[in-house]
Amino acid sequence: MSDAKSDSMIRIFDTTLRDGEQAPGCSMTLTEKLRVAQALAELKVDIIEAGFPAASPGDFESVKEIAEHNFGPVICGLARCNPADIEKVYEAVKGAENHRIHVFVATSAIHREHKLKMAKEEIIKSAVGAITMARELVDDVEFSPEDASRTELAYLAEVVSAAIEAGAGTVNIPDTVGYTVPAEFDRLFRYLKDHVERIDDVILSVHCHNDLGMAVANSLAAVNAGARQIECTINGIGERAGNCSLEEAVMAIKTRSEFFGLQTGIDTTRLYPTSRLVSNITGMHPPRNKAIVGENAFAHEAGIHQHGMLQHASTYEIMRPEDVGLSKSNLVLGKHSGRHAFRDRIVELGFELDDFETNRAFQEFKKLADKKKDIYDGDLEAIIMNASAATSGPWTLHSLEVQTHTDQPATAAVTLLNENGAEKSDGAYGDGPIAAAFHALEKVTGVELTLRNFELHSASIGEDAQGEVTVTVEHDGRSYRGRGASVDIVEAGCRACLEVMNRILRRKRHSGPGKPTAEQATI
Ligand code: KIV
Ligand code: ZN
């Protein structure tokens with residue numbers, strides 16, 4: 001049941017919110033997921049896999065909310081081959097005008113014997129039953145034989161054939177453990193094309209993991225052999241070494257269009273802003289040399305390259321920075337920039353702030369411009385993240401004083417303001433300035449946290465760049481992530497820690513202990 005799109009069109013199925021979010025350290029709150037879903041819609045992905053509704057009440061709620069926002073793309077939810085999972089996906093996605101149920105079951109010998117303990121025929125029966133049930137609920141059903149790349153070819157063809165007969169409209173071939181190589185994956189897709197009778201009635205899809213660093217190459221090999229949907233994530237985030245990176249696959253198809261003869265519907269100028277949004281939210285920043293969205297992706301430092309670039313950009317540049325949404329000069333604003341320029345730039349960066357948030361962020365921008373001559377995109381993003389955390393109280397950081405000594409404990413004194421503007425101060429010792437400041441915050445807020453991870457990232461360039469801190473902490477057996485930024489890295493750490501403390505206090509206030517909210521389940 002292939003759709004009406006031309007055969008040169010590659011559908012982009014984004015699974016940042018499902019396979020990406022499943023990766024350790026990449027979990028997002030409901031609000032963050034909504035922001036990402038909206039950015040994906042602006043990027044013009046075809047399908048958003050919004051989550052795995054049976055995984056937790058939080059997953060269910062977030063898929064449902066995303067579906068009900070009707071951002072535009074097809075909203076999809078993942079289900080195992082059982083009625084309860086399928087029913088949950090249906091309940092979660094049905095609010096979206098266009099929705100899809102994605103069912104999967106593992107098919108490789110390793111999974112059959114060690115995980116499922118099921119015979120080949122039982123697996124086919126389970127897949128057919130699930131697809132049939134899903135088709136009774138929705139028109140758009142996708143099926144994935146998990147670990148397809150390690151499944152016997154003849155058996156895989158049998159499974160795919162049965163899935164098509166049962167009514168799947170998209171058949172996805174996952175390289176679940178990132179094991180295949182391009183030439184082998186090309187053979188697998190051609191084999192299916194040759195041996196599955198009704199293969200041209202469905203959209204063939206590809207889903208690759210990056211364990212051997214070949215997720216993008218394998219996805220492109222599949223596309224070259226007939227796949228017409230790529231499953232991928234922003235920045236390639238995902239389990240272990242991640243998934244196929246959306247921005248790399250899309251730009252390869254666009255830049256090498258004379259080779260592939262294919263296209264996507266992606267607005268490539270939204271790639272960079274979306275990448276920054278996802279890395280700011282997850283705290284997982286792509287390496288500087290990451291293709292397409294890394295900070296060095298368009299930097300030509302070597303003298304010989306710079307000389308060539310000045311003669312003609314095409315000597316060393318195969319894509320233009322503006323094609324991926326990177327402004328030619330990343331230097332954006334300064335002390336004299338006005339509110340309009342500020343607002344325009346934050347909209348270009350993919351943020352949607354209301355007037356109150358814009359004013360607050362603009363005030364912070366002015367304060368930063370007094371401390372720092374050049375304000376880059378990274379600085380603006382850091383300001384916005386801080387401003388949105390600060391607007392959600394109850395506590396805001398008023399002042400911080402730290403002292404460190406080479407052979408004595410560090411000391412910190414903090415003053416916080418509550419929602420009524422009242423001050424509360426306390427001080428503490430610690431092994432270092434961060435520990436001392438965190439203990440002082442714990443004393444003022446009454447929220448105790450165990451610090452598990454502290455990551456520092458430079459928001460822009462130069463020695464006056466803001467430090468962006470992402471902390472992972474534990475409270476009452478749950479893991480939380482918080483972010484903060486400042487030109488002072490201890491202050492950035494405090495802001496990150498305070499963001500989490502505020503969230504915990506707000507939840508306690510709104511839901512009371514023992515009443516988990518949707519957001520709580522997806523911290
Ligand atoms: O990697 C995988 O096999 C998956 C499937 C559920 C599609 O994520
Ligand atoms: Zn996967």
Side-chain angles (χ1 to χ4, degrees), residues 11-24 26-27 45-56 59 63 74-82 85-86 88-89 92-93 100-112 114-116 123 126-127 130-131 134 140-151 155-156 159-160 163 168-180 185 188-189 192 202-216 218-219 222 227-246 249:
R11 290 137 195 90
I12 297 297
F13 175 113
D14 182 277
T15 184
T16 305
L17 294 172
R18 201 277 296 168
D19 225 350
E21 208 254 353
Q22 232 165 273
C26 287
S27 57
V45 305
D46 298 281
I47 302 112
I48 294 176
E49 186 164 52
F52 187 177
S56 70
D59 249 52
V63 176
V74 174
I75 301 300
C76 173
L78 183 68
R80 289 162 295 196
C81 286
N82 69 60
D85 271 31
I86 296 168
K88 277 220 167 71
V89 173
V93 300
R100 173 179 294 188
I101 299 180
H102 178 188
V103 293
F104 77 101
V105 63
T107 51
S108 66
I110 300 175
H111 281 242
R112 291 193 311 262
H114 302 294
K115 184 175 90 174
L116 300 173
I123 285 173
S126 151
I131 296 165
D140 188 352
V141 173
E142 172 169 332
F143 171 70
S144 289
E146 189 189 6
D147 206 16
S149 56
R150 293 193 299 170
T151 300
Y155 176 57
L156 183 64
V159 175
V160 169
T170 301
V171 173
N172 178 45
I173 304 298
D175 180 28
T176 305
V177 290
Y179 181 73
T180 198
F185 220 29
L188 186 154
F189 276 79
L192 292 179
V202 295
I203 302 292
L204 253 185
S205 166
V206 58
H207 176 114
C208 293
H209 282 264
N210 204 32
D211 300 65
L212 291 172
M214 286 183 281
V216 174
N218 289 331
S219 301
R228 287 295 175 266
Q229 173 177 287
I230 301 180
E231 302 201 352
C232 43
T233 60
I234 300 294
N235 298 336
I237 64 168
E239 298 245 46
R240 308 181 307 278
N243 286 57
C244 170
S245 134
L246 182 149

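What you see is a predicted model; the values in this text were computed from it and never measured. Atoms within each ligand, like the ligands themselves, are counted from 1 in listed order.
For Thr151, the side-chain hydrogen bond (donor to acceptor under 3.5 Å, both in side chains) test picks out Thr107, with sequence neighbours left out. Judged as a salt bridge (charged side-chain N to carboxylate O under 4.0 Å, His left out), and not counting sequence neighbours, the contacts of Asp147 are Arg150. Residues that satisfy the side-chain hydrogen bond (donor to acceptor under 3.5 Å, both in side chains) test with Gln22, not counting sequence neighbours, are Arg18, Glu239.
For Asp19, every heavy-atom contact with ligand 1 shorter than 4.0 Å involves the side chain, none the backbone. Proximity of Arg80 to ligand 1, defined as any heavy-atom pair under 4.0 Å, is not found for any part of the residue.
For Glu239, the heavy-atom gap to ligand 1 stays at 4.0 angstrom or more.
For a distance threshold of 2.8 Å, the protein N, O or S atoms nearer than that to the Zn ion (ligand 2), listed by chain and number, are Asp19 OD2, His207 NE2, His209 NE2.
The shortest N/O to N/O separation between Ser144 and ligand 1 does not fall below 3.5 Å. The shortest N/O to N/O separation between Thr176 and ligand 1 falls below 3.5 Å.
Here the side chains of Ile47 and Glu142 are not in contact, with every heavy-atom distance at 4.5 Å or above.
What sits closest to atom 1 (O) of ligand 1 on the protein, heavy atoms only, is His209 NE2, 3.0 Å. For atom 4 (C) of ligand 1, the nearest non-hydrogen atom of the protein is His207 NE2, 3.5 Å. Of the protein's non-hydrogen atoms, the one nearest atom 5 (C) of ligand 1 is Arg18 NH2, 4.0 Å.
With hydrogens and angles ignored, the 3.5 Å screen pairs no side-chain donor or acceptor of Asn235 with any backbone N or O of Ile237. In this structure, Asn82 contributes its side chain and Ile86 its backbone to no donor-acceptor pair below 3.5 Å.
Glu146 pairs with exactly one of Lys115, Arg80, His207 by the side-chain hydrogen bond (donor to acceptor under 3.5 Å, both in side chains) rule, that one being Lys115. Each of Thr233, Asp14, Asp19 was scored for a side-chain hydrogen bond (donor to acceptor under 3.5 Å, both in side chains) with Asn243, with one residue passing: Asp19.
Against a heavy-atom cut-off of under 4.0 Å, Glu146 is close to the following atoms of ligand 1: 3 (O).
When all heavy atoms of Phe185 and Ile173 are compared, the closest pair comes out as CZ-O, 3.8 Å.
For the pair Arg112 and Tyr155, the distance from NZ or CZ to the six-membered ring centre is under 6.0 Å and the angle to the ring normal is within 45 degrees.
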